[in-house]
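Remarks on the structure that follows.
Computed from a prediction, not measured in an experiment: that's the story for all the values here.
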Amino acid sequence: MASPIKSNSRISLAMERTGQWVSSLKIPTDLIVEVGEAKFSLHKFMLLAKSNRMRKLILETKEVDLSRIDLSDIPGGAETFEKAAKFCYGVNFEITVHNVAAIRCSAEYLEMTDMYCDNNLAGRSEDFLSQVALTSLSGALVVLKSCENLLPMAEELDIVQRCVEIASAKACVEANFPSRSPPNWWTEELTILDITFFEKIIASMKLRCANGLTQASAIITYTERSLSHLMRDHSGNGVKSLDLLESHIKIQKRELLESIVALLPSEKSAFPINFLCCLLRTAIFLRADSVCITELEKRISGILEYVTVDDLLVLSFAYDGERIFDLDSVRRILLGFMMKEKGVPVFNPGEFKDVCSTSIQRVAKTIDAYLGEIAGYDELSISKFNGVAVLVPKKARKVDDDLYRAIDLYLKAHPDLDEIEREKVCSVMDPLKLSHEARVHASQNKRLPVHTVLHALYYDQLKIRSGVDDHMVPDALTTRNQLQTDVSLVKENEALRSELLKMKMCMADMQQKSQATTSKSSVNKKGTFFSSMSKKLGKLNPFKHGSKDTMNMDDGSVDLTKPRRRRFSIS
C-alpha cells in the first residue's frame with residue numbers, strides 16, 4: 001500500500017498536469033470534478049462527448065447550474081480519472097500492463113464504451129488487454145495484481161478470470177517446458193499476488209491436471225516469500241522481536257498460513273519434510289487453528305522416515321532458540337507414523353512379531369539422536385523425555401547406545417533427581433542391548449541407578465561364565481532367554497537348598513531324640529548283668545542239634561521253660 005505522502009504527491013502532480021493541458025484551450029472551465037482529495041477543473045462539453053455517465057449527471061440534474069460533481073468512487077482513483085479526462089480532451093497518454101485494468105474499469109464506470117462513442121476508451125483498453133498484456137505470464141500476473149484494488153468491478157468485467165486462466169496455462173507450460181533459466185522462474189512471478197488470487201491460480205492449475213510437484217514448487221516459493229522471516233531463519237538469531245509482533249499483524253500472518261496449508265496437494269511426497277517442519281513451527285508460533293496444525297502433523301508423519309535431527313530441532317524450538325515447545329506435536333507425529341507402519345506388512349521368514357520395517361529402524365535411530373540433542377534443557381521433564389522415547393518400539397533398536405547417550409546427558413543436566421526418578425528415566429532403555437563399550441561405561445557411571453548398573457554387570461558376568469565372545473551373541477532375545485534360564489536355575493537351586501536345610505533340621509531333631517532314648521536304655525541295662533550272661537550262655541547250648549534252634553531268635557524272646565522241663569526229665 002502506498003504511503004499517504006506518496007499518494008498526495010501523485011494527486012498533486014495529476015492536478016498540475018491536468019491544469020496545464022486544460023488551460024491550453026483558453027476557455028474558462030465550468031465544472032469541478034472531485035475525486036477524493038483531488039479537484040479537477042474541466043469543461044462540460046469535453047466530457048459529454050465521450051462519457052455517457054457524465055452526460056446523465058450533467059443533463060439530468062435538477063440543479064440549474066451544476067458546477068461540481070463528486071466521483072470519489074471511480075475505480076483507480078484520481079490517477080485513473082486523469083487519464084480518462086485526457087482521453088476526453090484528446091491528450092495522448094500511455095496504457096501499460098500496470099494501469100490497463102484500472103483504465104478498463106474506469107471506462108466502464110464512466111460508460112465510455114463504443115455503444116456511446118466509436119473507438120472509445122473501453123475499446124482501446126480492451127484491445128491492449130487482449131493483444132499485449134495477456135499474451136505473457138508476467139503481463140497477466142501484473143494485470144491480475146492491479147485488480148486487487150479494483151474489485152468487484154474487475155471480476156464483473158471478467159478481467160480477473162481471464163488473467164487467472166492465462167497465467168495458470170502458461171505456468172503449467174513453463175513447469176513442463178522451461179523457456180529460460182532458472183527453470184522455476186515462474187514461481188517467483190507468482191509471489192507478487194495476494195493470497196486470494198494465488199489460490200485462484202493454484203485451483204486453475206489443478207483443473208489443468210498439474211501434478212503435485214508443480215503445485216508444490218509454486219506453494220513453497222510463495223510461502224518462503226510471504227513468510228520469509230518465519231520460514232527462513234531457523235537459528236533463532238534476530239527474530240526475537242517476532243514475539244512482540246502486534247496482534248493484528250499476527251492475525252494476518254496466521255490467516256495467510258492457514259490459507260496456504262489449505263492449498264497443499266494431497267501427494268505425500270510433494271513437499272520436502274524440512275519445509276513441512278518449518279511450516280508447522282510457524283503454525284505453532286502463530287497459534288493457528290487445530291485443523292491447520294493437524295493437517296501438517298499428518299503430512300509429516302506420513303514421510304517421517306526421511307526426517308533428520310535438524311528437522312526435528314527446527315520443529316521443537318521456539319524462535320528465540322532458547323525455549324522448547326511442549327513437544328506434543330512431535331509425539332503426535334511419531335505416534336501417527338508408528339500407527340501407519342503397523343498396517344504395513346513386513347516379510348520375515350522367521351518370527352514375524354520381532355521384525356520392524358527399515359523405515360521404523362531409521363526413525364528410531366533419528367529419534368534417539370534427537371533426544372540426545374534436547375536432553376540438556378532444564379524445562380524438559382521426565383514425562384516429556386520418556387513420552388517421546390517410549391513411542392519407538394524396543395525391537396526397532398538393534399543397539400541402545402544412542403538412547404543410553406541421551407539418558408546419560410539427561411541425568412547429567414538434571415543432577416537433582418533421586419534414585420526413583422533416575423530409574424524412571426532409565427526404564428526406557430534395555431541394558432542388555434548395549435554394546436560392550438557402552439556396558440563398560442555404564443558399569444562405571446555414577447549417574448545411573450544401581451539397578452541399571454547391576455544389569456550391565458550381570459550381562460558381562462554371564463558372558464564370562466559362558467565363554468562366549470561379545471560379537472558371537474546373535475541378539476538380545478537369545479541373551480535374554482539365556483538369562484531367564486539362568487534365573488530359573490537359580491530359583492530351583494534356592495528351592496533345593498531350602499529343602500536340604502529342612503531335611504538337615506529334621507535329621508538333627510531325630511538324632512537328639514535318638515540320643516535321649518539311648519541314654520534311658522543304658523540306665524536300665526546296668527541291673528541285668530546276670531540275665532545278659534545267661535543269654536550268652538544259652539547260645540552255647542550243647543544240645544543244639546537235638547533241640548529247637550535258638551541261634552536266630554532275638555535275645556528278648558528266649559523261652560526259658562523248656563530247659564527246666566529238660567532237667568526235670570533227667571532227674
For the atom pair [atom1] ([X]) and [atom2] ([Y]), what is the distance rounded to the nearest 0.5 Å?
X: His436; Y: His441; atom1: NE2; atom2: NE2; value: 13.5 Å
X: Leu334; Y: Leu391; atom1: CG; atom2: CG; value: 5.0 Å
X: Ile95; Y: Ile103; atom1: CD1; atom2: CD1; value: 4.5 Å
X: Leu257; Y: Arg254; atom1: CG; atom2: CZ; value: 10.0 Å
X: Cys277; Y: Ile300; atom1: SG; atom2: CD1; value: 4.0 Å
X: Ser316; Y: Glu373; atom1: OG; atom2: CD; value: 10.5 Å

So which atom in [X] and which in [Y] form the shortest heavy-atom distance, rounded to 0.1 Å?
X: Arg281; Y: Leu230; result: NH2-O, 4.2 Å
X: Glu94; Y: Asn99; result: O-ND2, 3.2 Å
X: Met153; Y: Pro75; result: SD-CG, 3.7 Å
X: Ala413; Y: Gly376; result: CB-CA, 3.7 Å
X: Lys86; Y: Asn92; result: CD-O, 4.4 Å
X: Glu258; Y: Ala288; result: OE2-CA, 3.6 Å

* To do: Verify side chain to side chain contact (heavy atoms under 4.5 Å, CB included) between Ser138 and Trp185, making sure each step is shown before the conclusion.
  => CA-CA 11 Å; Ser138 300; Trp185 66 271; 4.2 Å; yes
Heavy atoms, side chains only, cut-off 4.5 Å: are [X] and [Y] in contact?
X: Asn120; Y: Phe87; result: yes
X: Leu141; Y: Cys163; result: no
X: Ile374; Y: Leu327; result: yes
X: Glu267; Y: Leu213; result: no
X: Met112; Y: Arg124; result: no
X: Val100; Y: Thr96; result: no
X: Thr358; Y: Arg362; result: yes
X: Tyr109; Y: Asp73; result: yes

* Asked: So Trp186 and Leu190, side chain to side chain contact (heavy atoms under 4.5 Å, CB included) or not? Walk me through it.
  -> CA-CA 7 Å; Trp186 60 273; Leu190 294 177; 3.7 Å; yes
* To do: Quick one: do Thr366 and Val309 satisfy side chain to side chain contact (heavy atoms under 4.5 Å, CB included)? Show the steps, please.
  => CA-CA 6 Å; Thr366 303; Val309 176; 4.0 Å; yes
Does a donor on one side chain and an acceptor on the other come within less than 3.5 Å for [X] and [Y]?
X: Ser217; Y: Asn184; result: no
X: Ser168; Y: Ser204; result: yes
X: Asp194; Y: Thr196; result: yes
X: Tyr404; Y: Asn445; result: yes
X: Ser381; Y: Ser383; result: yes
X: Ser329; Y: Glu297; result: yes
X: Glu108; Y: Thr113; result: no
X: Glu111; Y: Ser51; result: no
X: Ser269; Y: Tyr306; result: no

Would you say the side-chain atoms of [X] pair up with the backbone N or O of [Y], donor to acceptor, closer than 3.5 Å?
X: Asp401; Y: Leu434; answer: no
X: Ser72; Y: Gly36; answer: yes
X: Asp311; Y: Leu276; answer: no
X: Arg104; Y: Glu126; answer: no
X: Tyr410; Y: Ile382; answer: yes
X: Asp368; Y: Lys365; answer: no
X: Gln215; Y: Ala210; answer: yes
X: Arg422; Y: Arg447; answer: yes
X: Ser146; Y: Val143; answer: yes
X: Gln361; Y: Arg397; answer: no

* Yes or no on side chain to side chain donor-acceptor pair (under 3.5 Å) for Thr221 and Thr187, after CA distance, side-chain angles and deciding distance? -> CA-CA 6 Å; Thr221 305; Thr187 62; 3.2 Å; yes
* Are there more than 12 heavy atoms of other residues, nucleotides or ligands under 6.0 Å from atom NZ of Lys145? -> yes
* Check whether more than 12 heavy atoms from other residues, nucleotides or ligands sit under 6.0 Å from atom CZ of Arg287, and answer yes or no. => no
* Asked: Can you list the steps and then say if Glu174 with Lys170 is a salt bridge (Lys or Arg N to Asp or Glu O under 4.0 Å)?
  -> CA-CA 6 Å; Glu174 286 294 331; Lys170 292 186 177 298; over 6 Å; no
* To do: Walk me through it: do Tyr377 and Phe317 pass the test ring-ring contact (aromatic ring centres under 6.0 Å, His included)?
  => CA-CA 11 Å; Tyr377 287 83; Phe317 284 94; 5.1 Å; yes
* Under-4.0 Å salt bridge between Glu79 and Lys83 -> no
* To do: Identify whether the distance between the nearest side-chain nitrogen and carboxylate oxygen of Lys384 and Glu379 falls below 4.0 Å.
  => no
* For side chain to side chain contact (heavy atoms under 4.5 Å, CB included), just list the numbers for Lys433 and Lys398, CA-CA rounded to whole Å, side-chain angles, deciding distance to a tenth of an Å, and then say yes or no. => CA-CA 7 Å; Lys433 294 173 67 175; Lys398 294 182 179 180; over 6 Å; no
* Asked: Under the criterion side-chain contact (heavy atoms from CB on, under 4.5 Å), which of Lys424, Glu421, Glu423 is the partner of Pro449?
  -> Glu423
* Would you call the rings of Tyr222 and Phe198 parallel, tilted or perpendicular, where under 30° means parallel and over 60° means perpendicular? -> parallel
